[in-house]
Structures are given as structure tokens and as C-alpha cells.
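All values derive from a computational prediction rather than experimental measurement. Order of listing sets the numbers, starting from 1, for every ligand and every atom in it.
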Amino acid sequence: MIRIYLHPIPIRIWHWINALGFIILIITGIQVRYGNIIKLFSFETAVDIHSWTGFILIANYCIWLFYYLLTFKIKIYFPPITHPIQFTKDSIRQAKFYGYGIFVGDPNPHHPTPDNKFNPMQKISYLMIMASLIPVQIITGLFLWDPKLFSKWINLVGGIQIVDMIHVLLFIFFSAFIVVHFYLATLGHTPLAHIKAMITGYEEEEEEHSH
Ligand code: HEM
């Protein structure tokens, strides 16, 4: 086994604050929206915790954004536009591994390095989430937080109901994402290997795949 330094400290800090924050947002969001079904705290408390957590996560998102922009490492998120066919082939190979190979003991076809950390499926999903879905969730969240302040923008999008619908649909998406993401996070060489790597920064890889 060799150890590869994959996750720099700002990303680890961002990631775990984000994970905890998402869980709080989901629970308080359910309470705000479906207060008639569950009652964990009052509507007002749920709204307060939801807004505060939202603002903390906006600041936290800036850690992620500035780190990746200032170090130019943001390119690890982008599929190689010059090699679309190879990328498609690699994506299919990765999907086959998760859908079949992993159950018969095949090795993971992707071997992460700091410059090529994500497999093709991770690239597509993480890019979509970090560069579009989270920003849309932030913007719709801010609109719902103070509809008067943002009334011009809200009208431009088509009204508060549309804003609300987008925010709720993305909430459903993120709730499903966490489940899938958690499952995939347990598929390292031991169930906790990837999760430990996101804490210590170091991923363990077998010797022959180190390059
Ligand atoms: C239940 C909580 C979570 C656990 C256990 C978890 C676990 C992990 C692990 C082990 C990794 C490193 C492996 C990899 O790069 O795929 C990772 C990376 C990542 N996770 Fe999570 N995660 C959680 C919640 C979230 C949430 C809520 C989001 C966003 C909505 C998220 C977004 C990401 C992203 C974008 C990366 C790549 C970060 C980078 O290296 O730049 N995770 N996660």
C-alpha cells in the first residue's frame, strides 16, 4: 500500500461542514415544508436554524470556490473536452464496474492522483452539483429568505411559486444524492477507507497502480 495525498485541508474542512450543514438543512427543511406531518420543533425555530445554516454554507461554499479557483485546480472537475470518445468509454467502464465488476471482485478501473482525482462519473456529477445545482439552491434559498428584497428577481423567474418549486425539487435531488454518495463512499478497499481519506487527506492505493 502507498499513501496518496488527495484531499487538501481547505477541501476537507469545506466538505465536512457542508455534509453536516446539508443534513441540518434537510431536517429543518422538511419541518418548514411538511410541518403538518412531523413536529420536531416549532415552525419559527425550523426557519431560523434553516436560514442560519444556509448562510454558513454559503460562506463555506466560498472556501471551496476560492480554493479551486485560486489554485487553478478547478480543472480536476472538468471532463476532457478534447477527448469526448475516450471520456464516454471511460464513463461506461466505470458504470460497469459499479453495476457489475465490483460484485465479482474486479479492481476499480480508476486510480486517483491529485491531478486526476475523480473518475468520469464523479467528474460529471460533482461538476453539475458544485457549479450549477448548489448555486441555484443558494439563489432560490436567498429569494425565499427575503421575497420582498428580491421581488424584482423573483418576478423575472416567474414568481415565488416557481422559486419554491425549484428549491424543493433540488432538496429532493440532494436528499437522494447523499444516499448514493454515502453508498459510493463506502466502496473503498475497506468500507471506511474513502471516508478516512476525506478526514486525513491520504488515500491508500495498491503499489502497482500508483502512477
Ligand atoms: C453523509 C455525508 C457525506 C459523506 C460520508 C461523504 C463522503 C465523501 C467522501 C469519502 C469523499 C471523497 C471521495 C470522493 O472524492 O468522492 C467525498 C467527496 C466529495 N463530496 Fe461528499 N460526503 C458526504 C456529504 C456530501 C454532501 C452533502 C455533498 C454536496 C452536496 C458532498 C459533495 C462532495 C464533493 C463535491 C466531493 C469531492 C470534493 C473534492 O475532492 O473536491 N458530499 N465525500
Side-chain angles (χ1 to χ4, degrees), residues 3-30 49-50 53-79 90-91 94-95 97-98 102 107-141 166-205 209:
R3 299 169 83 225
I4 311 166
Y5 189 58
L6 275 192
H7 308 298
I9 188 94
I11 295 310
R12 283 179 274 150
I13 295 173
W14 159 77
H15 183 270
W16 292 118
I17 294 177
N18 191 61
L20 179 68
F22 258 74
I23 291 164
I24 297 174
L25 284 178
I26 288 171
I27 294 169
T28 52
I30 291 173
I49 303 175
H50 196 80
T53 311
F55 281 112
I56 293 168
L57 285 202
I58 293 174
N60 193 44
Y61 178 77
C62 295
I63 298 183
W64 175 88
L65 187 65
F66 288 138
Y67 173 81
Y68 273 113
L69 291 182
L70 297 176
T71 58
F72 301 104
K73 288 187 183 167
I74 192 74
K75 53 180 182 291
I76 65 165
Y77 274 78
F78 285 87
D90 289 349
S91 304
Q94 195 67 36
F97 168 71
Y98 285 129
I102 192 165
N108 192 324
H110 179 73
H111 304 290
T113 62
D115 292 334
N116 188 20
K117 175 152 88 162
F118 302 137
N119 69 47
M121 292 171 71
Q122 285 174 313
K123 276 187 188 152
I124 298 174
S125 43
Y126 290 162
L127 180 65
M128 192 176 75
I129 287 167
M130 299 308 294
S132 77
L133 302 187
I134 288 188
V136 170
Q137 194 68 333
I138 291 176
I139 292 167
T140 51
I166 298 171
H167 202 73
V168 172
L169 285 178
L170 283 176
F171 144 76
I172 295 168
F173 171 85
F174 284 122
S175 305
F177 165 77
I178 290 193
V179 177
V180 176
H181 184 63
F182 185 81
Y183 165 66
L184 292 173
T186 62
L187 300 184
H189 68 91
T190 68
L192 287 181
H194 290 331
I195 293 169
K196 272 192 202 144
M198 208 24 152
I199 297 169
T200 63
Y202 288 92
E203 184 77 61
E204 286 180 343
E205 263 269 329
H209 300 310

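Among protein heavy atoms, the minimum distance from atom 11 (C) of ligand 1 is reached at M198 CG, 3.9 Å. With hydrogens left out, the protein atom closest to atom 10 (C) of ligand 1 is H194 O, 3.2 Å, a heavy atom. Regarding atom 30 (C) of ligand 1, its nearest protein heavy-atom neighbour is F22 CZ, 3.6 Å. Remark: minimum distance from atom 15 (O) of ligand 1 to any protein heavy atom is reached at F118 CE2, 3.6 Å. Nearest protein neighbour of atom 40 (O) of ligand 1, counting heavy atoms only, is K117 NZ, 2.6 Å. With respect to atom 17 (C) of ligand 1, the closest heavy atom belonging to the protein is H15 NE2, 3.5 Å.
In this structure, I24 CD1 and I56 CD1 are separated by 8.0 Å, a value rounded to the nearest 0.5 Å. For the atom pair CD (E204) and OG1 (T190), the distance works out to 8.0 Å, reported to the nearest 0.5 Å. Considering CD of Q94 and CG of N108, their distance stands at 5.0 Å, rounded to 0.5 Å. Rounded to the nearest 0.5 angstrom, F97 CZ and I102 CD1 are separated by 4.0 Å. Put simply, CD1 on I17 and CG on L57 are 8.5 Å apart, with the number rounded to the nearest 0.5 Å.
Residue K123 forms a side chain to side chain contact (heavy atoms under 4.5 Å, CB included) with just one option from D90, N116, I76, and that option is N116.
Ring-centre distance between W64 and Y77: below the 6.0 Å cut-off. Between F174 and H181, the distance from one ring center to the other does not fall under 6.0 angstrom.
Short contacts between ligand 1 and I11, defined as distances under 4.0 Å to a heavy atom of the residue, involve ligand atoms 39 (C), 40 (O), 41 (O). Applying the 4.0 Å criterion to heavy atoms of A19 picks out, from ligand 1, the atoms 2 (C), 23 (C), 24 (C). Close approach of ligand 1 to F182 is summarised as follows: ligand atoms under 4.0 Å from at least one heavy atom of the residue are 5 (C). The contact set between ligand 1 and M130, taken as ligand atoms under 4.0 Å from a residue heavy atom, comprises 35 (C). Close approach to Y77 involves these atoms of ligand 1, each under 4.0 Å from a residue heavy atom: 35 (C), 37 (C), 38 (C), 39 (C), 41 (O).
Close N/O approach between N18 and ligand 1 is not found [any backbone or side-chain N/O within under 3.5 Å]. On a distance-only criterion, Q122 and ligand 1 share at least one N/O pair closer than 3.5 Å. Between W64 and ligand 1, no pair of N/O atoms sits closer than 3.5 Å.
Counting only non-hydrogen atoms, the option in H181, R12, K73 that gets closest to atom 32 (C) of ligand 1 is H181. In this comparison of F177, W16, Y68, Y126, the heavy atom closest to atom 41 (O) of ligand 1 sits on Y68.
By the neighbour-count criterion of 12 heavy atoms within 6.0 Å, atom CZ of F66 is sparsely surrounded, having that number or fewer from other residues, nucleotides or ligands. Annotation: Y5, atom OH; neighbour count of heavy atoms from other residues, nucleotides and ligands within 6.0 Å is above 12.
Listed for the W16 side chain is a donor-acceptor partner under 3.5 Å among the backbone atoms of M198.
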Please walk me through it: do T53 and T28 pass side chain to side chain contact (heavy atoms under 4.5 Å, CB included)? CA-CA 10 Å; T53 311; T28 52; 5.7 Å; no
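When heavy-atom distances to ligand 1 are checked against a 4.0 Å cut-off, Y183 has no atom that comes that close, whether in backbone or side chain. Residue L6 does not touch ligand 1, judged by heavy-atom distances below 4.0 Å. Residue contacts with ligand 1 for I178 involve side-chain atoms from C-beta outward but no N, CA, C or O (heavy atoms, distance under 4.0 Å).
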